[in-house]
Amino acid sequence: MSKPTIVPCPQCKQEVVWSKDSPFRPFCSKQCQMIDFGEWADEENSIPGAPDMSDSDGWSENDY
């Protein structure tokens, strides 16, 4: 039998067994999952990348 994979909860760092018995993995609980979601929704977290090129920046596919 293989050793279970254990990961730290990204929010509180509590150890979480990575299995179907851990429904909120990689989070330890629904609470930690929702805290993380709220941080992304409030744009406190982000993934570095190219700048946003939306129409609000004056970019358009149309040539007029």
Side-chain angles (χ1 to χ4, degrees):
M1 180 171 216
S2 64
K3 185 177 174 183
T5 301
I6 297 175
V7 298
C9 173
Q11 197 63 42
C12 73
K13 309 302 182 213
Q14 178 177 327
E15 291 185 346
V16 179
V17 176
W18 191 278
S19 75
K20 64 181 179 180
D21 296 328
S22 302
F24 303 110
R25 67 185 180 270
F27 301 98
C28 66
S29 65
K30 183 71 172 177
Q31 179 179 359
C32 281
Q33 184 184 51
M34 294 309 294
I35 291 169
D36 186 77
F37 178 73
E39 289 173 354
W40 283 97
D42 289 341
E43 297 183 357
E44 293 174 26
N45 293 338
S46 65
I47 298 174
D52 181 25
M53 295 190 64
S54 65
D55 287 337
S56 64
D57 296 330
W59 180 86
S60 176
E61 292 181 4
N62 301 324
D63 291 331
Y64 57 97

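Both backbone and side-chain heavy atoms feed into the values below; hydrogens, waters and symmetry mates do not. The model shown is predicted, which means the values in this text are computed figures rather than measured ones. When a residue number appears, it is its place in the shown sequence, counting from 1.
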Open item on the list: For the CD atom of E15 and the SG atom of C28, what is their distance to the nearest 0.5 Å?
Closed with: 11.5 Å

Task: Residue of the set M34, Q14, Q33 for which side chain to side chain contact (heavy atoms under 4.5 Å, CB included) holds with F27 - done: Q33

- [ ] Inspect the surroundings of CZ in F37 and state if more than 12 heavy atoms from other residues, nucleotides or ligands are less than 6.0 Å away.
- [x] no

Open item on the list: Using the rule side chain to side chain contact (heavy atoms under 4.5 Å, CB included), only one of P10, C12, P26 pairs with C32; which is it?
Closed with: C12

Open item on the list: For V17 versus S22, what's the shortest heavy-atom pair and its separation?
Closed with: O-OG, 2.5 Å

Task: Residue pair Q31 / Q11, side-chain heavy-atom distance below 4.5 Å - done: no

Task: ILVMFWY network linking V16 to W18, side-chain heavy atoms under 4.5 angstrom - done: yes

Open item on the list: How about CD on E44, more than 12 heavy atoms from neighbouring residues, nucleotides or ligands closer than 6.0 Å, or not?
Closed with: yes

